[in-house]
Amino acid sequence: MASQTPAPQQADRQLKLLVRIVALIAGAVVLVAAGTATSSGIDAGTALQAVALTALITFASLTSVRVRVGSNNLDVTWADSALLIAAVLLPPQWAVLCAAIGVGIEKSTRKLPPIKFVFGVAKGTVDCAVAAVTLALLGGTTQPPLEHLGPLALAYLAALITDEMAIIPVIALATGTSMRDRFLADLDLRLGSAFVRFAVAVLALAVLAAEPQLLIGIPAIVFSLHLTYRGRLRARAERLAWQQLAEATDAMNVVQMETVLQTAVRNGARLFSADRVEIEVCLDGAQQSVRGTQSSITYHGEPDQRPVDEATTAVVALIGDNDGERVGELRLCFQVPVALSEREQFTLRAFAGALCTAIRNAASYAQLEQMAGQHQHDATHDLLTGLPNRRRLQLDTEDALDRKRGGRGVTALLVLDLNHFKDVNDALGHGAGDQVLIAVAQRLSAAAGDEALVTRLGGDEFAVLLRNLPAPALALYQAEHLLSTLHEPVDVDGMPLVVSASAGVATGPCEGGFVELLRRADIAMYQAKRTGCSVAAYAPDNDTADRGRLVVGGMLPRAVAQKEFILQFQPIVDLASGEPISAEALARWQHPDKGMVDPRSFLGSIERSGLLTAFTDAVLDQALAGAARWRALGCRWPVAVNISPRSLLDRRLPALVTRRLDDHGLPGDALVLELTESHTVSQLDIVDKVLAELAELGCMIALDDFGTGYSSLSVLSRVPAKELKIDRSFVTQMENTPSAAAVVRSHLELGRHLDLLVVAEGVERDSQRHMLWDLGCTAGQGHLFAKPMPIEEVLALITADDGPVRLAPPLHDPAAVVRMPAKRAPGRISRATGTTGANGGERV
Ligand code: C2E
Ligand code: CA
Ligand code: CA
């Protein structure tokens with residue numbers, strides 16, 4: 001038996017052909033029978049018997065148990081018992097005619113379509129003919145029946161096989177199921193009932209042979225057997241239905257929406273024996289529709305608004321139990337109108353409930369999955385440019401460096417920083433800055449190629465991971481190529497803006513992995529900026545941290561915890577008198593093995609590690625402790641502390657400063673915070689807030705290394721500074737280089753205009769002191785006066801003799817100077833009176 005189901009039109013054609021064949025055979029049989037009957041004639045007894053048996057066939061056919069298969073009803077009847085009796089008792093021709101008439105009467109009482117009527121009558125007729133002919137071939141006499149059980153059984157079996165052969169293909173074709181399924185459906189029950197029907201027929205024949213009057217009881221026996229059979233069939237159908245429902249709901253216990261819907265369509269079609277099942281889902285505005293049969297899904301997509309035939313479709317709304325929200329609709333479609341039994345309606349409601357839950361679970365799952373995907377994306381991407389971020393860069397770099405995972409060739413990291421980007425933000429606003437960053441991101445991505453990963457590190461800094469390079473030299477070439485894509489001006493609101501960048505390149509592998517590679521590329525980038533070239537490769541000679549061969553990163557936590565960081569103090573002096581007016585605290589790392597370590601070799605690592613707050617706190621604590629000690633000796637010098645740019649992003653900094661001031665019983669103006677200007681230009685609001693809070697505490701703000709950054713002047717308008725420190729590089733060169741002298745002069749001019757104290761850094765020679773003084777500078781710091789020293793040395797200086805502390809002889813005879821108020825005149829408190837000394841911070 002084929003298990004393939006043919007296409008609907010083809011099935012329809014095959015069905016009609018099959019019915020026609022059965023009808024033709026039956027017609028031929030009836031014609032032969034009628035011919036034989038007319039020629040042989042009939043006696044009165046046989047005629048009476050024929051009438052009675054016709055009635056019996058009609059009655060037996062009427063006692064049916066109906067089973068619905070799809071849109072088709074299958075009737076299981078007692079007709080074959082009656083047909084066998086007729087075949088035994090009547091001559092074959094009359095048996096055939098009785099069968100045709102009896103079944104015909106029964107079929108005409110039901111309002112059947114012609115094709116079903118013809119098929120039913122033809123089948124009954126042929127069944128009977130087969131039984132009669134088999135008996136005739138086996139000898140004819142079958143009375144008394146119990147002695148001829150063999151021929152009787154064979155005749156019945158032949159009729160039964162004929163019947164099944166006709167009915168199985170017809171039902172399979174009509175319902176679109178396989179013949180194998182139809183053959184196996186309830187096979188045991190069908191065989192059992194066939195045996196019972198045969199037994200009943202034999203019993204009836206035996207009774208008739210012994211005592212014809214007893215035949216009266218036969219219909220009662222048949223009827224009770226019929227009821228038993230029907231009950232069995234129903235119980236079984238019920239059990240099967242619940243079992244299938246459990247299976248169907250179990251199968252929907254999956255998280256993918258597609259699987260849920262398609263499984264529900266298939267199982268729904270099977271469970272309710274529907275010709276087609278449709279599910280329409282509408283969740284969060286998104287709609288989808290799935291259609292199909294037991295064996296296949298015929299449509300899955302957007303709802304196509306096909307009209308629903310209410311007569312042939314059972315529709316259930318899918319509504320959530322808890323919130324009553326409608327998530328869609330389940331439709332069972334039949335070819336003809338079908339009334340669902342009570343049991344089927346219960347099952348349908350249970351099925352719809354389970355489907356609704358499964359749909360919502362799948363929707364929640366999809367939502368979770370989508371959110372997880374979004375988080376994953378956000379965690380590894382920059383929101384403004386859409387480029388991958390530092391995290392992704394780290395993962396991919398580590399991957400590329402790890403040769404075991406298939407890394408081939410050379411891995412290089414390129415760090416690229418835009419020049420003068422702050423000016424774009426300052427002059428044109430953040431919107432313009434964002435446009436520039438997006439344009440740069442696009443150009444780099446377009447030019448970088450598939451093997452490269454372009455990422456944004458933050459601000460105006462980008463990094464490009466170059467993988468599988470055939471040679472290290474190609475990294476520089478690639479960097480040049482990427483920078484060249486920025487030559488074309490960027491269009492910002494119709495205005496062409498020229499963008500330039502500096503890039504540093506470092507090639508792997510290197511000990512320390514990604515972090516070290518990034519640090520090296522960073523150093524190379526700064527080298528490029530310093531030297532004014534567009535690209536520089538990492539060179540160990542330029543790497544102060546590397547020169548000391550300190551594996552700084554790993555040692556930091558211990559160093560912070562064990563307080564290995566100490567401070568030295570370098571006095572800032574009044575240029576005229578040579579007396580200190582304040583002191584700058586400079587951090588030193590007293591390394592157990594390496595001795596005193598230069599701050600520039602560990603500050604970067606501290607800034608990058610999570611230890612900055614602890615470090616800043618320790619520095620503030622020690623610096624203010626020092627200030628409190630020299631105050632106790634009568635010196636009111638404020639202490640200047642260097643503050644890292646990143647500390648200004650820390651909201652807790654003002655609170656930290658307040659606590660440390662309180663700890664040492666000092667007022668806010670005992671502390672100067674030195675900021676390098678590149679920090680302070682940070683456009684983040686938080687920096688403004690932190691600075692304003694610090695100024696409110698009374699702390700003074702000094703702009704360190706002034707003139708070395710890009711936007712020195714714009715900074716002054718934003719930062720509440722009281723002091724400006726001219727960078728050592730200008731002081732060193734001012735005597736020989738006119739431009740350096742011009743810078744010093746303009747800074748002093750600026751200081752006068754804005755009423756700022758200007759301090760010259762790195763004063764090493766007396767000539768520099770004189771020149772600065774002549775240019776109008778009042779304060780200086782440098783080896784000429786004192787090198788940074790431990791606190792004990794500072795205290796020793798103060799207590800060395802009774803007069804004021806003097807680190808260089810005064811420029812003029814103290815008696816001949818005209819005194820002017822200084823910007824900062826803490827000077828020295830007379831140890832006797834507690835009043836401020838007369839000469840600090842004044843000039844002629
Ligand atoms: P800076 O703030 O510009 O500090 C002045 C630097 O110049 C100090 O270097 C000082 O020792 C040096 N110096 C002073 N006078 C002279 C001179 O006459 N000639 C020469 N050649 N150098 C002189 P140092 O101590 O190595 O500090 C370097 C930088 O490290 C500082 O530059 C500052 O930016 C940073 N730094 C130092 N301590 C700290 C700290 O506690 N926290 C933070 N965030 N940064 C610090
Ligand atoms: Ca400083
Ligand atoms: Ca400085």
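Order of appearance sets the numbers: ligands from 1, and atoms from 1 within every ligand.
- Only the side chain of Pro599 comes within contact range of ligand 1, with a heavy atom under 4.0 Å; no backbone atom does.
- Backbone and side-chain nitrogen or oxygen atoms of Ala587 are examined, and one is located within less than 3.5 angstrom of a nitrogen or oxygen of ligand 1.
- With a cut-off of 3.0 Å, the Ca ion (ligand 2) has no N, O or S atom of Asp705 in range.
- Under a 4.0 Å criterion applied to the non-hydrogen atoms of Gly782, ligand 1 contributes the atoms 15 (N), 18 (O).
- Ring pair Phe602/Trp589 is perpendicular by interplanar angle, where above 60° counts as perpendicular and below 30° as parallel.
- Between Leu414 and the choices Val535, Thr507, Val505, the side-chain contact (heavy atoms from CB on, under 4.5 Å) rule is met once, by Val505.
- Note on ring orientation: taking the six-membered ring where Trp is involved, the planes of Trp773 and His812 are tilted (angle from 30° to 60°).
- Note: Trp630 and Phe569 have perpendicular aromatic rings, judged against thresholds of 30 and 60 degrees for the angle between ring planes.
- Not a single heavy atom of Gln568 sits under 4.0 Å from any atom of ligand 1.
- Residue contacts with ligand 1 for Leu603 involve side-chain atoms from C-beta outward but no N, CA, C or O (heavy atoms, distance under 4.0 Å).
- Inter-residue side-chain proximity for Asp774 and Met771 is flagged as unmet; no heavy-atom pair is nearer than 4.5 Å.
- Polar contact check, Gln570 against ligand 1: a nitrogen or oxygen pair lies under 3.5 Å apart.
- Vertex the Ca ion (ligand 2), arms ending at OD2 of Asp704 and OD1 of Asn642: the angle is 90° after rounding to 10 degrees.
- No donor-acceptor distance shorter than 3.5 angstrom exists from the side chain of Glu398 to the backbone of Leu393, with no hydrogens or angles considered.
- The Pro788 neighbourhood of ligand 1 comprises atoms 11 (O), with distances under 4.0 Å to a heavy atom of that residue.
- Ligand 1 has no atom lying under 4.0 Å from any heavy atom of Lys787.
- Considering only non-hydrogen atoms, atom 37 (C) of ligand 1 lies nearest to Leu586 out of Leu586, Val763, Val619, Val641.
- Of all the heavy atoms of Glu761, the ones lying under 4.0 Å from any atom of ligand 1 belong exclusively to the side chain.
- Not a single donor-acceptor pair under 3.5 Å links the side chain of Ser647 to the backbone N or O of Ile643.
- Atom CZ of residue Arg745 and atom SG of residue Cys777 lie 13.0 Å apart, to the nearest 0.5 angstrom.
- Contacts between Asp705 and ligand 1 below 4.0 angstrom, taking non-hydrogen atoms only, involve the side chain exclusively.
- Between Pro667 and Leu661, the closest heavy-atom pair is O-CD2, 3.5 Å.
- Close approach to Glu764 involves these atoms of ligand 1, each under 4.0 Å from a residue heavy atom: 17 (C), 18 (O), 19 (N), 20 (C), 21 (N).
- Residue-level proximity to ligand 1 for Asp598 is carried by the side chain, the only part with a heavy atom below 4.0 angstrom.
- Rounded to the nearest 0.5 angstrom, Arg652 CZ and Thr613 OG1 are separated by 4.5 Å.
- Take the Ca ion (ligand 2) as the corner point: the lines to OE1 of Glu674 and to OE2 of Glu584 open at 90°, to the nearest 10 degrees.
- Contacts of Asp704 with ligand 1, taken as heavy-atom pairs under 4.0 Å, involve the side chain alone.
- Distance alone, capped at 3.5 Å, places no donor-acceptor pair between the Glu461 side chain and the Gly458 backbone.
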